[in-house]
Amino acid sequence: MTASAIQATESSGSLPRDRSGALGRLKVWDAGFRFMTFGAASLVLFLLLGVAISLFIGALPAFRHFGLDFFISDSWSPPKERFGAAAAIYGTLATSIIAMLIGVPVGLGIAVFLTELCPPALRRPIGIAIELLAGIPSIIYGIWGVYYFKPFIMQPYVQPFIIGTLGAIPGIGALFAGPPLGYGILTAGLVLAVMILPFVTAISRDVFETVPSVLKEAAYGVGATTFEVVGNIVLPYTRVGVVGGVMLALGRALGETMAVTFVIGNATRISTSILSQGTTISAMIANQFADADPGLFTSSLLALGFILFIITFVVLALARWMLARLEVKAER
Amino acid sequence: MYLRSFLSAAVVAASVSCAWAGDISGAGATFPFPIYAKWADAYKKATGNGLNYQSIGSGAGIKQIKAKTVTFGATDAPLKAKDLEESGLEQWPMVMGGIVPVVNLDGVKSGDLTIDGPTLAKIFMGKITKWNDPAIKALNAKATLPDLAIAVIHRADGSGTTFNFTNYLSKVSPDWNSAIGEATSVEWPVGIGAKGNDGVANNVAGTKGAIGYVEYAYAKQNHLTYADMLNKAGKAVAPTMEAFQAAAANADWAKSPGFYVILTDQSGDQSWPLTAATFILMYKKPADVTASNEALKFFEYCYDKGGDMAKSLDYIPMPDNVVALVKKVWTTDIQQK
């Protein structure tokens, strides 16, 4: 465009008129471009708002009918028209917390190893393996969970071991009690941990690589160990990116449906033990929506969806707030 | 470029105008899907007309027919006469199946174990937790029952199988009726929820001490150990074609408006207590009479020629007297012109 405009000014005599015409065209083009990008950006806002509003409208009959009880009650009985979200909320949070407790440290460990310690020959294969893990559809993790992880690892080894050791401790033992049926909150949490691992690792590795080597070399130069370099240089330098990766992982864990449905045992009750069966919000919706009668049943399922929406929103808001506080601290 | 798009437009136009307005469309229950698919295949070969059946679940099928997006809806849980009248729908039973309790116990083969309804209800309520419980022992004097915890496996997704199973438990156990009730999905006090008949079958096969309920065909195909049942007459029966048919023959179809008959817990010495029918829903005054007539032709074909196909997939065809009643209702109630 510019090149042709210049050519035009060179070849013809009436210089000012042509230039203003070309500039005008550029201006219109630019305004159009600005408008289009603005439209694309505001579309996201409208979609978000639209989803929230339509979920809320669908959920309103359930909220009206049950009031606060909907959040407190763990009874979910379609024939009796008693619906409470507590069991699903508990299961969603419990599986996500277990997944984060295991997935985040391991994921960060892999990322540190890959960027700081790994022999160059291994770096690529491990990196590619991580990216492949991230690309596996969740249904595959579900099938792996139900046909391999549950019968050959959880049921014969992990659960009996936990029941025998942690379950025998007075007090907290109740958290780890129960028959080793294989399915349950813990199994779902562990499958989720494997699923979020690549997210944490891939993003952390990418941001770790942005740390200027002068900083690291300076630290090594004054005699810091690798552990100290990671803790004092790499992590503080990259915290925004790392927290972002962790939040993305948490988002996946909270909303994951198929893999969880396969291994959690789908029981709408809250048990003290993390080995017992439970359910999550998304698993409930996936299982029951197709067959739900219109009316309170459907409305209650939509209400569950709205609650998941709010939980995700609160988690993201908390993450932003944490980041903001970190920034302030760092500036002091 | 232009030529190609013109050609494709012409092809689309031709296919719309020549063929009858597409396939017969229906949606609903997953339980009869295999036999509907088989019937549809045979019907397409015989007449050239296809069936587009979406097995999205009974509840969703009812929603679809009420929204008039399909020509027929299919449901395992029949609509009550009042609901049919309000919505202007006609309902009839299409085919039947059996539900069987399946177990996984070392040394126990199919037929070794007998359970009655109240005991089954107590197991699924978590009131009986061990296999050597006196209530189970009392029914099985000969069998050796281990001191093993019972692992209850039930459906996690809403399903007509669950509807019929919980309907039976509600009929035989007042406790079950008041605490849990009957529906396509209920609040299970104990157990593991698995997806679909195959999910329940897999879990029972993989868990020692498990008990679950699946359609007869799944129990047979997966070689699961099934239990015999005590029926309403107090007789022990094994799940066989004859026992399922006996339950249907004992039902009073003629006096039930909208064919609202649930085949669980029927009287008769031979009746299998967990027999289930699956139903079709269509409008009495269809918006598209041609489509409606095409669907009726298909169902007539299924009744007349589909019996052996149904049996080959372990479904039970409707008895002749019921088919005659249904055909009469078609001519009197459904507008065909």
Side-chain angles (χ1 to χ4, degrees), chain A residues 73-84 87 91 139 142-143 146-148 150-152 154-156 178-184 187 257-258 260-269 271 275-280 283-295 297-298 300-301, chain B residues 27-30 54-64 66-67 75-77 126 129 148-160 162-163 166-167 170 176-196 199 202-203 205-210:
Chain A
S73 160
D74 74 333
S75 171
W76 186 273
S77 173
K80 307 282 175 203
E81 295 230 306
R82 271 196 320 255
F83 299 104
I139 189 94
I143 291 170
V146 80
Y147 285 105
Y148 183 77
K150 175 245 153 190
F152 297 118
M154 287 308 283
Q155 211 170 355
L181 289 171
Y183 295 94
T187 312
T257 311
M258 288 325 291
V260 171
T261 314
F262 272 115
V263 293
I264 199 165
N266 300 302
T268 47
R269 46 181 184 265
S271 315
L275 298 188
S276 53
Q277 293 77 50
T279 188
T280 68
M284 290 272 279
I285 297 173
N287 276 328
Q288 304 198 341
F289 201 81
D291 242 20
D293 304 322
F297 193 177
T298 302
S300 298
L301 286 170
Chain B
T30 49
Q54 301 163 41
S55 60
I56 49 179
S58 297
I62 294 171
K63 272 185 217 163
Q64 293 297 321
K66 284 192 174 168
T75 175
D76 294 331
T129 56
L148 181 67
I150 300 177
V152 170
I153 316 277
H154 56 75
R155 288 287 287 272
D157 46 338
S159 92
T162 301
F163 168 79
T166 53
N167 170 275
S170 294
W176 182 280
N177 191 27
S178 63
I180 296 154
E182 57 174 71
T184 52
S185 54
V186 297
E187 182 174 27
W188 300 96
V190 289
I192 294 166
K195 255 181 111 64
N202 269 327
N203 274 297
T207 312
K208 283 272 170 282

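If you're wondering where the values come from, they're calculated on a predicted model, not measured in any experiment. In what follows, chains carry the letters A, B, and so on, assigned in the order in which the sequence lines appear, proteins first and then strands, with residues in each chain numbered from 1.
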query: When heavy-atom pairs shorter than 4.5 Å are enumerated against chain B, which of A/Asn287, A/Leu181, A/Thr261 gives the highest number?
result: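 Ranked by heavy-atom pairs under 4.5 Å with chain B, first place is A/Asn287.
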
- prompt: Among A/Arg82, A/Gln155, A/Met284, A/Gln288, which residue forms the greatest number of heavy-atom pairs with chain B at distances under 4.5 Å?
  reply: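 Looking at each of A/Arg82, A/Gln155, A/Met284, A/Gln288 in turn, A/Gln288 comes out on top.
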
- request: Kindly indicate whether a cation-pi arrangement holds for B/Lys195 with A/Tyr183, taking the cut-offs as under 6.0 Å to the six-membered ring centre and within 45° of the axis.
  value: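 The answer is no; the distance or angle limit is not met.
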
Out of [options], return the one with the most heavy atom pairs under 4.5 angstrom to chain A.
options: B/Gly193, B/Ala210, B/Gly59, B/Gly28; value: B/Gly193
options: B/Gly209, B/Gly206, B/Pro189; value: B/Pro189
options: B/Ser185, B/Gly61, B/Ser58; value: B/Ser185

Looking only at non-hydrogen atoms, find the nearest pair between [X] and [Y] and report the distance.
X: B/His154; Y: A/Asn266; result: CE1-O, 3.9 Å
X: A/Pro79; Y: B/Ile180; result: CG-O, 3.2 Å
X: B/Asn177; Y: A/Lys80; result: O-NZ, 2.7 Å
X: B/Asn203; Y: A/Lys150; result: OD1-NZ, 4.3 Å

Please state whether the side chain, the backbone, both or neither of [X] comes within less than 4.5 Å of a heavy atom of chain B.
X: A/Ser271; answer: neither
X: A/Phe262; answer: neither
X: A/Thr279; answer: neither
X: A/Ala283; answer: neither
X: A/Pro294; answer: both

field: Residues A/Thr268 and B/Glu187: side-chain donor-acceptor under 3.5 angstrom
entry: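 There is no such pair between these side chains.
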
Is chain A contacted by the side chain of [X], its backbone, both, or neither, given a heavy-atom distance below 4.5 Å?
X: B/Ser178; answer: backbone
X: B/Ser159; answer: backbone
X: B/Ile62; answer: neither
X: B/Ala149; answer: neither

query: Got a second to check how far A/Asp293's CG is from B/Thr184's OG1, nearest 0.5 Å?
result: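 So the CG of A/Asp293 and the OG1 of B/Thr184 are separated by 6.0 Å.
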
